[in-house]
Each structure stands twice: as structure tokens, then as C-alpha cells.
Amino acid sequence: MQPDREELLKRVSEAVRQAGELFGHHEMAEQIRQKGETDFVTQVDVTVQEQLRRQLKELAPEAQFMGEEQDNSGVDLAGAVWILDPVDGTTNLIHGFRHSAVSLALAEAGRVTMALVYNPYAGELFTALEGKGAFCNGTPIAVSGTRRLADSLVDVGTNPSQRDRADQAFRWMRALYDHCHDVRRMGVASLCLCYVAAGRLDAYVEAGLKPWDYAAGMLLVREAGGMAVTPEGKEPPLSTGGGIAASNGHIGPDFLALLAEG
């Protein structure tokens, strides 16, 4: 992809903000289809995805599209691919919890090069370009300076759509609770990663995620000076998905060591 990255990011940011306005359409949020026992899709998810798919096609015709609410079997990650979660935090949206986000990443040759995560309730747009730093509403952000796990605030995701992972999640939660200030559970992977990037959380971990859950947030954490890997310390895959463990980097070794015990 050759277009000016700053200009492309600006135009995509406008599209993402427009899509976020749909979160306030309560009648659409109440149109719910159940994909699994605790996995839902609303008309907001479907409409946001279709709206952004059309706009992204106009902005970057050569890029493929990977979205949560479609079959992605034909996507070739060797090329340029938009990776979208139209509503990260659908359960929150359904319950009126007002903590959900549009999460969008651009991957090229299997590497994320652009990231946008928009929380319309807070009016916060987190953005990053590879090698250019991380921002919230245009202001640079950075991970926290916390040096000890004992002084940290950590989010542990429980992934209700994969209840077979619950025992591991709660082992992690208890272990971290015993070794940090406190734990949180917000239910929005992309925002948890953004909060690590912005220094609001010191670390975050969750298993069984999909690429659209963490692709954008992963770049934001790294561009903000942090670490984003799998709970085993490996590169998070963009093809199959998996777990994510993000931290400010300072507490990274101790964080991963504690996860390994669980």
C-alpha cells in the first residue's frame, strides 16, 4: 500500500468516528441474534461492519477485509488486510454498560501497521502508525512507569464465549490479585489494551481471543512503549487468534512468569 499514511489514518479516523455514532441507536442494539450460549451479535455490529467495509474499500481498494461478522476463510494475510471488530464489547452494549469500542487494524505482510480503537461513550479515539507512536485524540500516550508487579493494576479477561477456559482465567485472576494492587474486568479486549498503552492499566491478559480483538490494541501498546505477546511470550497470531498478555514492559517478566504458573 502506497498512499500517504498520515492522510489515510485521518480519513479512516473520520469513518470510525461516524461508525461509533451507531452505538447510540438503542433500537438497533435491541435487535439481537445469539451465535452461542453467551455470544451475541446485534444490528449495530452488522451495520457498523458493513458501513466501514464500504468506506474502507473506497479509501484503499487493494486491501482485503477481515471482519468478525463474516466468513474470513479467503483472506490472505500476505497482502494488505483491514481487521475489524465492529463492536468489541457487544454484551456491554446489550446491557447498556456504555463501555464498548470499534477496533480496526491494518495488517501488511502479516504485520500490523495501523491501529484505531474508538470508544464513542468516552469520545476517545486511540490511534497508532507503526514507528510513529501512540495517541489518544491526537495527544501522545505512553505506558505506565510502574516497576513492580506489587504496585500494578491488572485486567484479567474471562472470555464468556469460551467457558472451558474459565478455570485458567480465574487461576490467573487469583494469582495476580495476590501479587498486585487489584484486578479489573472490563469486557473489552481492545480497550484494555488501549488502557495499558495509556498507562491506566499496567497489564492485561486474556485467552481464546480472535485477531480482531487484539490486532489494533497490540500495535497501540507497542507504540506506547509496552509489550504485547501471548501468555506464553510468543508473537500473537493474526490468522488463528489466541491469547494476549500486554504490560508496560517493566513488569513484563514477572507478569509472564506468574501466568506460566497458572
Side-chain angles (χ1 to χ4, degrees), residues 23 38 85 87-103 115 117-126 134 136 141-163 165-210 213-214 216-218 220-222 224-231 236 242-262:
F23 284 37
T38 55
D85 191 339
V87 180
D88 190 13
T90 298
T91 300
N92 287 351
L93 179 71
I94 290 170
H95 288 272
F97 192 68
R98 296 178 64 81
H99 201 75
S100 305
V102 180
S103 180
V117 177
Y118 180 50
N119 177 358
Y121 302 110
E124 290 185 328
L125 177 63
F126 296 88
C136 178
I141 56 175
V143 295
S144 72
T146 302
R147 297 278 172 175
R148 301 193 310 153
L149 189 60
D151 298 324
S152 65
L153 182 65
V154 182
D155 190 289
V156 181
T158 54
N159 201 338
S161 66
Q162 297 192 25
R163 301 271 169 146
R165 299 180 183 271
D167 288 344
Q168 180 185 56
F170 287 109
R171 283 197 303 270
W172 282 344
M173 188 176 291
R174 181 59 203 242
L176 288 162
Y177 178 77
D178 288 342
H179 289 83
C180 70
H181 274 176
D182 205 351
V183 295
R184 296 289 182 266
R185 168 63 177 129
M186 292 187 294
V188 190
S190 60
L191 287 180
C192 289
L193 290 163
C194 288
Y195 288 4
V196 172
R200 302 173 189 176
L201 290 170
D202 301 297
Y204 158 67
V205 63
E206 188 162 358
L209 298 174
K210 299 297 184 183
D213 293 315
Y214 57 72
M218 179 174 69
L220 279 153
V221 170
R222 292 173 176 176
M227 178 186 75
V229 294
T230 68
I244 192 79
S247 75
N248 64 7
H250 304 303
I251 64 170
D254 291 339
F255 180 51
L256 291 178
L258 198 61
L259 297 180
E261 295 176 8

Distance-minimising heavy-atom pair for [X] and [Y]:
X: Asn92; Y: Ser100; result: CB-OG, 3.6 Å
X: Ala228; Y: Met218; result: CB-CG, 3.8 Å
X: Val117; Y: Ser103; result: CG2-OG, 3.9 Å
X: Pro231; Y: Ile244; result: CD-N, 3.7 Å
X: Arg222; Y: Pro236; result: NH2-CD, 3.7 Å

Quick check: do [X] and [Y] have side-chain heavy atoms less than 4.5 Å from each other?
X: Val102; Y: Phe23; value: yes
X: Tyr121; Y: Leu93; value: yes
X: Leu256; Y: Met227; value: yes
X: Leu201; Y: Met186; value: yes
X: Met173; Y: Thr158; value: yes
X: Tyr177; Y: Val156; value: no
X: His99; Y: Asn119; value: yes
X: Phe255; Y: Val154; value: yes

| query | Okay, side chain of Asp155, backbone of Cys192: is any donor-acceptor separation there less than 3.5 Å? | reply |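 No.
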
| Side chains of Asp202 and Thr146: is there a donor and an acceptor less than 3.5 Å apart? |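 A donor-acceptor contact under 3.5 Å links the two side chains.
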
| task | Classify the side-chain pair Ser144/Asn248 by whether it contains a donor and acceptor separated by less than 3.5 Å. | result |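 Yes, a side-chain donor-acceptor pair sits under 3.5 Å.
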
| query | Do NZ/NE/NH1/NH2 and the carboxylate oxygens of Asp178 and Arg174 come within less than 4.0 Å? | reply |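 Judged by the 4.0 Å cut-off on N to carboxylate O distance, Asp178 and Arg174 do form a salt bridge.
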
